[in-house]
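Quick notes on the structure that follows.
Residue numbers start at 1 and run along the sequence shown.
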Amino acid sequence: MHLDLIDWIVIGAFGILTLVIGLSYTGKASGSMANFFLGGRNLTWWVAGTSMVATTFAADTPLAVTELVAQSGISGNWLWWNMLLGGLLTTFFFARLWRRAGIITDLEFIEIRYAGKPASFLRGFRAIYLGIFMNSLIIGWVNVALMSIIEVFLKCPKVSNWYTWPLPC
């Protein structure tokens with residue numbers, strides 16, 4: 001695959017723009033944990049909501065949706081559309097309550113809501129389960145999607161992706 005000069009200019013401009021935006025917000029975000037994770041609690045609801053939705057999408061999302069539709073037809077979309085109600089409840093109901101509680105994570109919620117050894121066990125279990133097992137599964141899933149994309153766009157056999165990444169085969 002060959003990239004022309006305009007391709008490299010667009011890639012470079014995007015990288016520079018991303019770097020400038022990141023550097024411009026570094027001072028504000030490093031002030032506190034709430035500033036880093038919640039924008040100092042000054043974000044409008046639609047910016048926070050868009051950010052929450054954007055974090056659920058990666059390179060694997062279009063591939064997974066395409067596979068669902070290919071296997072089950074348009075009704076295959078219901079596998080991920082069923083989460084719409086939970087997302088709406090979170091956005092319009094629970095987010096307001098979380099903000100009022102002054103918490104950042106669901107583990108902080110567990111700490112406020114429950115007490116004693118069972119609460120400590122639940123926080124530890126969730127931290128290990130989500131932090132190690134689920135994140136490992138998700139990272140593996142996204143890397144498999146990346147290998148599929150490399151296979152199509154760079155014409156690399158799937159096996160050689162492991163050896164040649166990030167260099168084209």
Item to check | Pairwise side-chain contact, Asn77 with Val65, heavy-atom cut-off 4.5 Å (strictly under) | outcome: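 Yes, at least one pair of side-chain atoms sits under 4.5 Å.
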Checklist entry - Looking at side-chain heavy atoms only, is the closest gap between Trp8 and Asp4 below 4.5 Å? => result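 Result no, sub-4.5 Å side-chain heavy-atom pair not found.
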Verify, without hydrogens or angle tests, whether [X] (side chain) and [Y] (backbone) share a donor-acceptor contact under 3.5 angstrom.
X: Glu108; Y: Thr105; value: yes
X: Ser24; Y: Ile21; value: yes
X: Asn135; Y: Ile132; value: no

Next on the checklist: Tell me every residue that passes side-chain contact (heavy atoms from CB on, under 4.5 Å) with Arg113, counting only those two or more places apart in sequence or in another chain.
Outcome noted: Phe109
Checklist entry - For the residue pair Leu107 and Ala127, what are the closest heavy atoms and their distance? => result CD1-CB, 4.2 Å
Next on the checklist: For Glu111 versus Arg123, what's the shortest heavy-atom pair and its separation?
Outcome noted: CA-NH1, 3.8 Å
Next on the checklist: Using a 4.5 Å cut-off between side-chain heavy atoms of Ile, Leu, Val, Met, Phe, Trp and Tyr, which other residues end up in the same hydrophobic cluster as Trp141?
Outcome noted: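 Result for Trp141 is none, singleton.
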Checklist entry - Above 12 or not: heavy atoms from other molecules or residues under 6.0 Å from CH2 of Trp80? => result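 Yes, enclosed.
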Item to check | Interatomic distance, Leu122 atom CG to Ile110 atom CD1 [nearest 0.5 angstrom] | outcome: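 Rounded to the nearest 0.5 Å, the CG-CD1 separation comes to 4.0 Å.
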Checklist entry - For the atom pair CD1 (Ile138) and CG (Leu130), what is the distance rounded to the nearest 0.5 Å? => result 8.5 Å
Item to check | Common cluster, Leu137/Val144, ILVMFWY with side-chain heavy-atom separation under 4.5 Å | outcome: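 No.
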Checklist entry - Do Tyr25 and Leu17 belong together in a cluster built from hydrophobic side chains that touch within less than 4.5 Å? => result yes
Checklist outcome for this item: Residue set satisfying ring pair (Phe, Tyr, Trp, His ring centres under 6.0 Å) with Tyr114, at least two apart, ordered chain then number -> none
Next on the checklist: Parallel, tilted or perpendicular, judged at 30° and 60°: which one describes the rings of Tyr129 and Phe133?
Outcome noted: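 Correct class here is tilted.
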